[in-house]
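Report on the following structure.
We name chains A, B, ... by the order of the sequence lines, and we start the count at 1 in each one.
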Number of protein chains: 2
Amino acid sequence: MRTSTDRRRGYASGDARRERILHIATQEFAEHGYRGTSLARVAERAGLSQPGLLHHFRTKEQLLVAVLELRDQRDMERFFADEAAGGLDLLTALVRVVEHNSRTPELVRLFVVLTSEAVTADHPAQDWARARYERLRAWVADALRRAAGAGEVRPGLDADATAARIIALMDGLQTQWLLDPDAIDMPALFRAHIDELLATLRPRA
Amino acid sequence: MRTSTDRRRGYASGDARRERILHIATQEFAEHGYRGTSLARVAERAGLSQPGLLHHFRTKEQLLVAVLELRDQRDMERFFADEAAGGLDLLTALVRVVEHNSRTPELVRLFVVLTSEAVTADHPAQDWARARYERLRAWVADALRRAAGAGEVRPGLDADATAARIIALMDGLQTQWLLDPDAIDMPALFRAHIDELLATLRPRA
DNA sequence: TAACAAACCTACCGAGTACTCGGTATCGGG
DNA sequence: CCCGATACCGAGTACTCGGTAGGTTTGTTA
């Protein structure tokens, strides 16, 4: 039986194949970036011909978009399943995200590589990267504002600026960590930052 | 007349041409990354044929290395000409660097794009990126240690961790700023971080 | 001014790129 | 069982890529 969400868009075998393709494409984009990834190689690893691959995703750009959408969706699920963090709890939840990231370097590499590649001219992930940062900043800033409203935070805090800085630190640490995992204890460094931030944020420390 | 440093390695016209090529290649690498840059386009903009370009730089990788070396050298000159910052003065000097960067987005883009592209497999700038981070971290950490030795800083500071975090913040802010310059006031955000850091570092604030 | 290297050029190569065309086999619902 | 959609594949398109071979022009120097 077919549910209404299945827009009679293919067979089960096709769905499985698409899933496999997305899995492999995620690895390839993470390892070589968008420009460095070739459809031929993705197709080969997925066990079909290159035109066969393009049957499922009509262009390379469409494949990239599908990969990014799947990743965003999975990350959302994982984070919100974890718990719905309210005010300042969001910050400790972010620490847990970074700890999880340190166990999945391939996914971290995907984001680092693609977001930076996106600052080049005419890159297909440009809008995605911009929107993602905007969303992340708004998300953290809102949590900070809610914390301020609940009296968890001393007044006068610039929520937007603090949010941008938290996210910048996460990103910057990821780059250093990917290049030299032994030299950089990413979770510890991020946790230290959040701890100091919390110490200065409390109304009367 | 030829000085002894000119290792009879070409004519003056050739030197000028090489300089022009490096200037253009810097722009191209910044705008399209290493993989997205084509020698044909660099050659065209420099006003010679593509084999003519390869006469001066025998491979694409060699051209990249030359660009990076020139940039590192120029940046060193600029920074150390500014002043020899000792202990905590280095931090305020870094703020000035960020302010200067915010006026030269093309050079910021060069570093952001290439360092992140370098975390992909078999990238020619990998060693350069690793070495650069190591150097930057050691540089900032040393300054912090010297400040601690001079009593400018309360004891118990983890110089290496603090250095890594400062640099991570600089990098992360650059990415957000390049994607959305209007939304991110990069110098202000970095200055705020340094100010807070200085406040917590002083022996008895 | 002769000799020689530097600074190019045209022509070309093999490999790789994303993508298309025109088919065929296979699967699932009526 | 049949029919249409799906899931492919082989062959090829038009192009770009970095790099090479071999020659000619230009500039410097002895």
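With rounding to the nearest 0.5 angstrom, the CZ atom of Phe111(B) is 6.5 Å from the CZ atom of Arg71(B).
Ring orientation note: the planes of Phe80(B) and Trp139(B) are tilted relative to one another, at an angle of 30° to 60°.
Residue-to-nucleotide proximity on DNA chain D shows that, of Arg41(B) and Arg17(A), the 5′-proximal contact is made by Arg17(A).
dG19(D) atom P lies 10 Å from atom CG of Leu63(B), rounded to whole Å. Straight-line distance from the NE2 atom of His55(B) to the P atom of dG19(D): 16 Å, rounded to whole Å. Taking atom CG of residue Leu39(B) and atom C1' of nucleotide dG18(D), one finds them 6 Å apart after rounding to whole Å. Rounded to a whole Å, the CG atom of Leu53(B) is 16 Å from the C1' atom of dT10(C). Between the CZ atom of Arg58(B) and the C1' atom of dT20(D) there is a distance of 12 Å, given to the nearest Å. Atom C1' of nucleotide dT20(C) and atom CD of Gln62(A) are separated by 15 Å, given to the nearest angstrom. Computed from coordinates, the Arg35(A) CZ to dA18(C) P distance equals 13 Å when rounded to whole Å. A straight line from CD of Glu44(A) to P of dA18(C) spans 13 Å, rounded to a whole angstrom.
Closest to the side chain of Pro51(A), out of dA11(D), dA18(C), dA7(D), is dA11(D). For His56(B), counting side-chain heavy atoms from C-beta on, the closest listed nucleotide (dA7(C), dC19(C), dG19(D)) is dA7(C). With dT17(C), dG19(D), dA7(C) as the candidates, the nucleotide lying closest to the side chain of Ala40(A) is dT17(C). Checked against dT20(C), dC9(D), dT20(D), the side chain of Leu54(B) finds its nearest nucleotide in dT20(D).
Between Arg165(A) and Glu196(B), at least one side-chain N (NZ, or NE/NH1/NH2) sits under 4.0 Å from a carboxylate O, which counts as a salt bridge. Using a 4.0 Å cut-off between charged nitrogen and carboxylate oxygen, Asp89(B) and Arg96(B) do not count as a salt-bridge pair.
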The test is side chain to side chain contact (heavy atoms under 4.5 Å, CB included); show your working for Arg135(B) and Arg132(B) and say whether it passes. CA-CA 5 Å; Arg135(B) 200 179 58 212; Arg132(B) 181 166 175 271; 4.0 Å; yes
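You won't find any donor-acceptor pair under 3.5 Å spanning the side chain of Tyr11(A) and the base of dA7(D), going by distance alone.
Using a 4.0 Å heavy-atom cutoff across all strands shown, Ser38(A) reaches sugar-phosphate atoms only and no base atom. Within the nucleic acid shown, Leu48(A) comes within 4.0 Å of sugar-phosphate atoms alone, with no base atom in reach, counting heavy atoms only.
For dC9(C), the OP1/OP2 oxygens have a side-chain nitrogen or oxygen of Ser49(B) closer than 4.0 Å.
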